[in-house]
Amino acid sequence: MVVRAGREFLAIPGPTTMPDEVLRAMHRPALDIYSDTMVQMTASLLRDLGTLFATKGQTYIYIANGHGAWEATLSNVLSRGDKILVLESGRFAVGWGNAARAMGVDVEGLKGDWRRAIRPAEVEARLRADTTHEIKAVLAVQVDTASGAYNDIEAIGRAIKAAGHPALFMVDAVASLGCMPFEMDAWGIDVAMSGSQKGLMAPPGLGFVAANDRARAVHKTAGLRTPYWDWTGREGPEHYNKYSGTAPVHLLFAQRQAIDMLFDEKLENVFRRHQLLAEAVRRAVAVWSEGQMLGFNIEEPTERSNTVTTVAMKDPAPLLAYCKDMCGVILGVGIGDLSGKAFRIAHMGHVNAPMILGTLGVIEMGLQALGIPHGKGGTEAAINYLGESVAA
Ligand SMILES: *Cc1c(COP(=O)(O)O)cnc(C)c1O
């Protein structure tokens, strides 16, 4: 007997659930890519990306996933042989750094740990030691989607400033933009990037980049520039220039609708919703952990992200299979160093209380059905927290 008929729920950290309005927005003919409507839609998206990143800098839209947007950032500001510092906190900044290495950049990793966030003091110390300013850029992710770490980007920005180091500060906000505060200009970020398919609730396929004047000045002499990614080309006067070719019309319809929904809800409310639902997940995991079979991957509570919770567990495969095959809830697998040793509960984007409480209820049901020792009442703890926090 299974209880999975009904809508399957994708609780993985991207692609995330798309609102029906976003799906419907794509169900229409393409626009003439030279029409005013098209030109205005592009202008509105470039402007609103500036609001999402909180920057007065330039924004760019690529037909690419996050990996493509990574390459866009690197190729526009670096030259072969440049040295960069990658701040490790799991898998994603390291992946960005690996792309840079493959492009001929000299990559140094600031050793981190899969169980904690980046330590700003260590960043400051490393940069102070670089007295000749060999390091051209510092790369970090706001949320590492593999470890579940939340990095305090504002504090890292302050650390770079305190070291008096001129390196560009480049931040990956793929798993956080539109879910939690991001303040590119205020936090001293020079280049930021994200993608359409996580907090921004649209299909995979759009990569977003923002660059301030300092980055655009460095760009002028960057040796890794190539035509498709090149910012200067994209700043050309024709609409055609903005995409280095045909606009991804339907993805833009979707992204336009999704951003309208975020702005209608108001970003501060969107951030608060994510914080509440993430805390509900954490309350449940904390209770289940009492059984000693599973626990938070990130040890320090303030370093746990509001978009994904990584739960360390020996052999999570049977639990994931139960949730999927019996109940129609698809959880994220552990990846990288946590492959086969963790699962992930995504709570980013178009999520509400029933989606999260339903997911938690199904996980608890699976723990019970499989006889996995766990503290009882995790879902109830989540309900109690939300009941107290979301006032009538
Ligand atoms: C998902 C993700 C990426 C990669 O995005 P793709 O669209 O899969 O290429 C990069 N960084 C972070 C933090 C992510 O979560």
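FYI, side chains are in, hydrogens and waters are out, and symmetry mates aren't considered; it's all heavy atoms of this structure. When a ligand or atom number is given, it counts from 1 through the structure's own listing order.
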> Is the closest side-chain donor-acceptor distance between His274 and Thr307 under 3.5 Å?
Replying inline: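 Absent: no donor and acceptor within the cut-off.
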
> Knowing that exactly one of Trp231, Trp70, Tyr243, Trp229 qualifies, which makes a ring pair (Phe, Tyr, Trp, His ring centres under 6.0 Å) with Tyr62?
Replying inline: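 So, applying the ring pair (Phe, Tyr, Trp, His ring centres under 6.0 Å) to Tyr62 and each of Trp231, Trp70, Tyr243, Trp229, only Trp229 qualifies.
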
Using a strict cut-off of 4.0 Å, indicate which atoms of ligand 1 neighbour a heavy atom of [X].
X      : answer
Lys198 : 1 (C), 2 (C), 3 (C), 14 (C), 15 (O)
Thr145 : 12 (C), 13 (C), 14 (C), 15 (O)
Ala175 : 15 (O)
Val143 : 13 (C)
Asn65  : 6 (P), 7 (O), 9 (O)

>> Looking at ligand 1, is there an atom of it that comes within less than 4.0 Å of some heavy atom belonging to Gln142?
In response: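 No heavy atom of Gln142 comes that close to ligand 1.
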
Is the terminal nitrogen or CZ of [X] (NZ for Lys, CZ for Arg) located under 6.0 angstrom from the six-membered ring centre of [Y] and within 45° of that ring's axis?
X      : Y      : answer
Arg282 : Phe296 : no
Arg304 : Tyr150 : no
Lys198 : Phe208 : no
Arg234 : Tyr228 : yes

>> Among all the protein's non-hydrogen atoms, which is closest to atom 9 (O) of ligand 1, and how far away is it?
In response: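 Of every protein heavy atom, His67 ND1, 2.5 Å lies nearest to atom 9 (O) of ligand 1.
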
> Can you tell me which residue and heavy atom of the protein come closest to atom 11 (N) of ligand 1, and the distance to 0.1 Å?
Replying inline: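 Its nearest protein heavy-atom neighbour is Asp172 OD2, 2.7 Å.
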
> Looking only at heavy atoms, is any part of Val174 under 4.0 Å from ligand 1, and if so is it the side chain, the backbone, or both, or is it neither?
Replying inline: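 The answer is the side chain of Val174.
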
> Backbone, side chain, both or neither: what part of Asp144 comes under 4.0 angstrom of ligand 1, heavy atoms only?
Replying inline: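 For Asp144, no heavy atom sits under 4.0 Å from ligand 1.
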
>> Taking the side chain as everything from C-beta on, heavy atoms only, tell me whether Leu251 gets closer than 4.5 Å to Ser196.
In response: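 Leu251 vs Ser196: side chains apart.
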
>> Is there a path of hydrophobic side-chain contacts, each under 4.5 Å between heavy atoms, that joins Ile330 and Met201?
In response: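 No, Ile330 and Met201 fall in different hydrophobic clusters.
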
> Who's closest to atom 8 (O) of ligand 1 heavy-atom-wise, of Gln197, Met193, Arg91?
Replying inline: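 Result: the heavy atom closest to atom 8 (O) of ligand 1 is in Gln197.
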
>> Does ligand 1 come near enough to Trp70 that some N or O of the ligand is less than 3.5 Å from an N or O of the residue?
In response: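 No.
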
>> Would Gly66 count as a polar contact of ligand 1, with the cut-off being nitrogen or oxygen pairs under 3.5 Å?
In response: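 Yes; at least one N/O pair falls below 3.5 Å.
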
> Pick from Arg115, Arg119, Arg116: which one makes a salt bridge (charged side-chain N to carboxylate O under 4.0 Å, His left out) with Glu303?
Replying inline: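 Going through Arg115, Arg119, Arg116 one by one, the salt bridge (charged side-chain N to carboxylate O under 4.0 Å, His left out) with Glu303 is satisfied by Arg119 alone.
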
